[in-house]
Amino acid sequence: MPERIETESRKLLKRLRAALAESGEGQARLDEVVTIIASTMRTAVCSIYLFRDEDTLELCATMGLEPEAVHQTRLKLGEGLVGRTARTRRVVNTADAPNARGFRYMPETGEERYSSFCGVPVQRLGDTLGVLVVQSKDAREFSTDEVYALEVVAMVLAEMTELGAFVGEGAALSARHTQPVMFKGSIAQEGASEGNVFLHEPRVVVTNPIADDPDVELARLRDAVETLRVGLDDLLSDNKTNDTEQKKVFEAYRMFANSRSWLARMEADVENGLSAEAAVEKEQSLFRARLSQSGDAYMRERMSDLDDLSNRLLRILTGQGTDVADVPDNPILVARNIGPGELLEYGKQIKGIVLEDGSVGSHATIVARAWAIPLVINAKGIVREALNGDSILVDGEQGIAHLRPDETVQGAFRDKIAMLTRAQERYASIRDQPAQTKDGTKITLQMNAGLIADLPSLDGSGAEGVGLFRTELQFLVRNQMPRRAELSALYSRVLKAAKGQRVAFRTLDIGSDKVLAYMKPNDEPNPAMGWRAIRVGLDKPGVLRMQLQALIRAANGGPLSVMFPFIAQYDEFRAAKAEVDKALARERKQGRPLPSDLQVGAMLETPSLGYAPDAFFKEVDFLSVGGNDLKQFFFAADRENERVRKRYDTLNPAFLQFLQSIVARCDAHGTPISFCGEDAGRPVEALVFAAIGIRSLSMRPASIGPVKHLLRRVDLGEVRAIIDDAVANGDQSVRRAVADWLVYQV
Ligand code: PEP
Ligand code: MG
């Protein structure tokens, strides 16, 4: 870095630090900042635009433009050169602004007098907070060194904005993270809960963006990088993997940590006046901006490695975010997204979840649903806004989260919780009654489970057994492969807790979004249609064999029910069943007791199985429709992609007709069929399934009450007639017709 620039940037920061350190009103500080930048950089104009709301930028301070325009001039994201800088998160540097692409004339500012323009995004951890602009009359591009100095200043501005240094009265900025904010997302799990924000990735707060003494900061930075490297070396040497692919990934990671250019860039930032933390963040923001724009999967992965390393480094430097025990009372988990394994690790202490992304079909959602934890997904912007410990209300009934709610909202919300509690009491009163419709049809309602902790719900919900036991959850919660004896002990506890009721154990269903930390990751272009479930079980049968043995031992001479996930053709079922036969033979040879009644079933999750030969339907002991997967393949709509998932309704006549054809084939062969996807737990869907002939449904325990409550009030013949009418009408979905009819029934 040339000497002059270093001095310029440092000089600028030194003057800024003095100005920012003075106590004073936020607006006065902002005004001082633009004056200092304009005079130090000898530009006619310096302005700061900050986001007023998600997509409106507001001129908050200026030196050079008309003062009356401050807090009046607003731009939409992408509008004008300022909006373009914010949207692209890239520097816009032009000698001829009025003729540059996207220029927008704003008469109130008087900026038409200026020819050159340089806009630098003000960003913090990939979050764009505003734009810093300098302009001058002469037509020139700003030099690389000048742009660099502006970027360094923008970094400091971002930190100071985050810390609330520019907050003020009247038209000025209001403090970040203090106002009530409502987030409208989508419903993933109903229910309502009140609690405090628990951030999955705690926000690191940097209080000293400008270095007091660059030498001290350099030493802190180098020490922290060294600690990071040693930590990684330990981590990698502890991991005794023989897997060469995995080793390669680790090595790439270590290579980044040792990257000279990464450290060199951060050192240069410190030399130029930033503190060690601010330097790490500056580079991290750069990666994040590139990450969001890169279409190359390999590059994205490498950059996300760097992102992860930066987070570790920030935690080392600040000591923040390392205390995992710091969970608030009634924690409401707030995250961009979360995997099923991570959620299982947090456990049931979580009272609610709000995700910025997330999806209704993901396995994390299934876990939340199983635990009846209210879950709102697609709450855009919440991660940026929420602070650990903030009060928050999760309204899973409407897909809304209220962050830092005021008293009126809180009052209304508590009334809602009371109402939901009363509904639960109503369901409890029919717990021991059968799910029998008015026309006398008995529907078997079972529950889905996956953990020992789920089993007490068998009694509480009135479920008649477990229609789907997702065995993979036990594999996901561990950091190493469970052993056979462990599994067998666990399955026998499950059977004991079921007190003689049927439990349909589904063999390991991994792949897709269920990734085991201790198994080689598969870099597949489309994991949902990739090497998953029974495909893994048959290609690498070691785990399947161990699991089958563990199940037979757990049954200990009693009845046992096993089913295979994702069977797409008859042969796969035959091969899986052959593994059961082999396992039985081995056990017999060892003189161990065999199950008194062994039922071997298949999950129907791909349309192909609906067209399997008659021999399959004869051979299989029972079928369970995995509606979550079946629907995604039937409509070719990714269950985890919210945009396409919602286009297709489960109650679309085409899907119902397909289900009905499967029911007919099962009836013809006397094959019991049940439905265990999430839709089984939605009352209207459950009703329609019953009307088209499905007599057994398996769902999360909390759904049994509402589903039973509805079934007991209707005549299936009447429902059937409504469905037939809607289909004859050419309706896109029978939902509207059934729901309208229901209004008069219940
Ligand atoms: C399904 O696909 O409907 C199912 C029950 O299996 P999972 O959701 O675990 O994939
Ligand atoms: Mg499935």
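In each ligand, atom 1 is the first atom listed, and ligand 1 is the first ligand listed. Computed over heavy atoms, backbone and side chain alike; hydrogens, waters and symmetry mates excluded. Model, not experiment: these values are computed from the prediction.
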**Message:** If you consider just the N/O/S atoms, which atom of Asp629 is the closest one to the Mg ion (ligand 2)?
**Reply:** OD2
**Request:** Report yes or no: do Asn378 and Ser186 form a side-chain donor-acceptor pair below 3.5 Å?
**Result:** yes
**Request:** Taking side chain to side chain donor-acceptor pair (under 3.5 Å) as the test, write out the residues that go with Ser696, two or more places apart.
**Result:** none
**Item:** Within-4.5 Å side-chain heavy-atom neighbours: Arg695 and Thr441
**Value:** yes
**Request:** Taking the side chain as every heavy atom from C-beta outward, state whether Leu630 and Thr606 have any atom pair closer than 4.5 Å.
**Result:** no
**Message:** List the protein residues in contact with ligand 1, where contact means a heavy-atom separation under 4.0 angstrom.
**Reply:** His363, Ile366, Leu468, Arg470, Arg506, Asp509, Lys514, Met603, Glu605, Gly626, Gly627, Asn628, Asp629, Arg639, Cys676, Gly677
**Prompt:** What N/O/S atom of Glu605 gets nearest to the Mg ion (ligand 2)?
**Reply:** OE1
**Prompt:** Below 4.5 Å, heavy atoms only, C-beta onward: do Lys708 and Arg712 meet side chain to side chain?
**Reply:** yes
**Whether Asn628 side chain and Glu678 backbone form a donor-acceptor pair below 3.5 Å** = yes
**Asked** So does Asp509 have any N/O/S atom less than 2.8 Å away from the Mg ion (ligand 2)?
**Response** no
**Message:** Side chains of Tyr346 and Phe198, heavy atoms from C-beta outward: is any pair under 4.5 Å?
**Reply:** yes
